[in-house]
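What follows is a single structure, written as structure tokens, with notes after it.
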Amino acid sequence: MNLEEKIKGIISDFFYVDPDEISGDSGVLKGDIKNWDSLGQLQLILGIEAKCNIKFSTKEIQDLGDFDSIVQLAAEKMG
Amino acid sequence: MRLRLESNYNLALLGAALARRPFATNVDDGGYNLFAANLLNFDSDLYSEHYDGLIISLDLEYLDKTTHFYDFLGKNDGEIENLVYETVHEIVNVISGFMKRRPETVVCLMTFPLAVDTPFNRLEVNSAGWTTNKIISEVNRCLVEKSLSISNLFLLDLDNLIRRFGYENIFDNRMKYLAKSPYSQFGLESIAKDIEFFFTTATSASKKLLVLDLDNTLWGGIAGEDGIGGIEISNDGVGRAYYDFQKSILSLKRRGVLLAICSKNNEADVKGIFESHPDMVLSWDDFVVRKINWTDKATNIKEIVTELNIGFESVVFIDDNPAERQWVNNSLPGVMVPDFPEEPSLLPDLISKLHVFDTFSITQDDLDKTEKYQSESARRQVERESITYDEFLGSLDIKCRVFELNSEYLKRAAQLVNKTNQFNLSTKRYTESQLLSYAESDQSDVLLLGVSDKFGDYGIVGLAILVRADAGTTVDTFLLSCRVLGKKVEEAFLVSMAEFSMTRWASEFLVVPFVPSFKNDQVHKFLSDVCDESSQTLDGSTHFHFFPGRLPFPDHIEVKL
């Protein structure tokens with residue numbers, strides 16, 4: 001399973017949404033997924049940190065945007 | 001449970017963690033920093049619902065006066081004491097306002113955690129005057145004191161959790177700045193779990209009986225094979241773990257939990273160990289029932305439960321043998337069967353970590369519990385030897401006293417109202433403050449029943465709530481602990497209630513509305529036997545009418561009103 005699929009899985013579990021419904025620009029701004037608001041995003045980030053064993057900084061979390069940007073940053077962290 | 005969260009910071013993330021736990025059927029967050037606003041405004045959405053539990057957590061950093069907690073230099077003792085007093089006073093006032101309107105909601109107030117990094121770290125234990133943590137501790141201490149006199153307000157010690165897991169694991173500064181919620185994901189889950197245990201205790205779902213295996217559970221080794229000299233329990237080394245485990249069990253017993261043995265052994269082998277081994281902490285008589293035989297353990301536990309007249313869901317069974325645990329777990333689904341650690345050093349904390357025996361208060365009744373059950377088995381001995389039932393009852397010298405509820409017995413009364421299921425007319429549950437309201441009003445009263453016989457005192461075992469009505473007196477609540485059933489004590493209590501109503505309100509009869517539940521059939525049967533009249537109401541419940549003359553006080557019971 002690649003990182004993108006893994007993170008789709010985490011999002012799917014968290015927001016009770018089908019992985020197929022998650023697109024590159026899904027997120028707080030697009031508002032396409034129920035409960036994925038700024039608070040939901042925070043919890044999602046914490047969940048990704050735990051499952052992928054990585055840590056984001058405060059600034060990084062604050063600036064995080066849509067699904068694509070999350071996957072990209074996570075990939076950078078995992079080396 | 002329907003839960004609500006209020007704070008002066010952001011509890012939405014904690015709310016989400018709580019909502020993931022099945023016990024929380026509904027979790028509402030009051031919103032960022034709306035603790036005072038919501039509680040003081042009776043039109044807020046806090047009051048539009050009836051919540052089972054309200055969780056309050058306040059962050060000292062956000063309380064107006066708080067910079068002072070970190071900046072106490074230059075302040076004199078008087079100023080600091082005022083600060084503490086005002087902080088506590090304000091919090092308690094806000095909460096009391098809510099509790100007066102919602103007396104049935106259990107309020108969980110989290111204590112303030114001590115600071116780990118302050119500019120004055122070394123001063124905390126190297127100076128005589130006020131320091132940050134001494135001030136925070138004093139605030140907590142005053143909160144504890146105030147909460148003791150407010151029924152349904154209980155404190156949750158956040159520091160306990162922090163000590164266990166470490167400050168750095170529970171808190172996440174990033175979250176503090178991003179979301180105004182200072183906890184890490186792990187911290188949120190841990191606090192949510194602790195809140196669940198808290199409400200289990202608050203709703204009296206605590207366990208009452210601990211059933212224990214012996215070999216490799218209370219001591220290392222096997223009694224039948226290793227003998228008294230070979231089993232492992234001592235003041236020293238690994239044996240000390242079993243010694244400490246027994247100590248933890250003994251202290252449970254001392255505060256009201258019943259103990260029983262269920263072991264596959266020859267009684268002679270193990271009795272000798274209890275009586276003669278120098279390092280045994282528990283003694284033979286600490287156990288109210290001892291099933292030491294070669295029958296399967298599920299059958300034994302069924303017998304224990306029947307003998308003690310308690311439900312399976314009140315039982316915890318501890319056994320080192322996974323096969324035995326599985327057998328009991330499958331045969332008796334209500335019984336709790338925790339895992340047993342292979343590592344003996346984990347034993348002493350095993351039971352406290354379960355959190356199922358936790359309690360918010362201990363009454364004299366709790367302290368005497370084992371003794372009471374032992375008197376009970378002495379009674380059963382006599383029963384087996386007697387000739388006729390009436391002669392037997394007569395030989396017991398039963399004495400009842402019926403009296404009005406006062407504050408001394410309030411906790412016991414609340415225990416009875418919330419834990420009694422079988423002989424319970426209406427299965428209505430009330431909080432201490434509600435009981436007090438009934439007792440204080442002159443249109444209603446709460447009567448308690450104390451029973452003793454020649455073997456000992458049963459304690460307070462019955463409660464009734466009488467409400468004055470136009471025609472007769474209505475019996476809102478009428479319950480008896482199963483310990484005293486079958487001796488016509490229920491008749492004596494009912495007659496007492498009628499006499500009391502006659503004296504107090506000139507009431508000529510009692511109206512006894514029976515509300516059926518899964519467990520209280522016997523009340524219906526009893527009422528059908530002693531009441532001549534009954535009527536059916538529109539909602540299908542049966543109202544019995546009891547006239548005082550109908551039944552005298554039973555011959556064998558001496559009643560004092």
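Reminder, nothing fancy here: chain letters follow the sequence lines and each chain counts from 1.
- Few gaps surround CD on B:E49; more than 12 heavy atoms of other groups in view lie less than 6.0 Å from it.
- Environment of CG in A:N2: crowded, with over 12 heavy atoms of neighbouring residues, nucleotides or ligands closer than 6.0 Å.
- Neither the backbone nor the side chain of B:N173 comes within less than 4.5 Å of any heavy atom of chain A.
- With respect to B:R174 and A:E60, no salt bridge is recorded, no charged nitrogen being found less than 4.0 Å from a carboxylate O.
- Taking CG from A:L39 and CG from B:L13, the interatomic distance works out to 4.5 Å, rounded to the nearest 0.5 Å.
- Within 6.0 Å of CD in B:E342 there are 12 or fewer heavy atoms belonging to other residues, nucleotides or ligands.
- Under a cut-off of 6.0 angstrom, the local environment of NZ in B:K193 is sparse, with at most 12 non-hydrogen atoms contributed by other residues, nucleotides or ligands.
- With rounding to the nearest 0.5 angstrom, the CG atom of B:L178 is 6.0 Å from the CD atom of A:Q62.
- How far OG1 of A:T58 is from CE of B:M175: 7.5 Å, rounded to the nearest 0.5 Å.
- Between B:Q185 and the options A:L46, A:L42, A:I45, a side-chain contact (heavy atoms from CB on, under 4.5 Å) holds for only A:L46.
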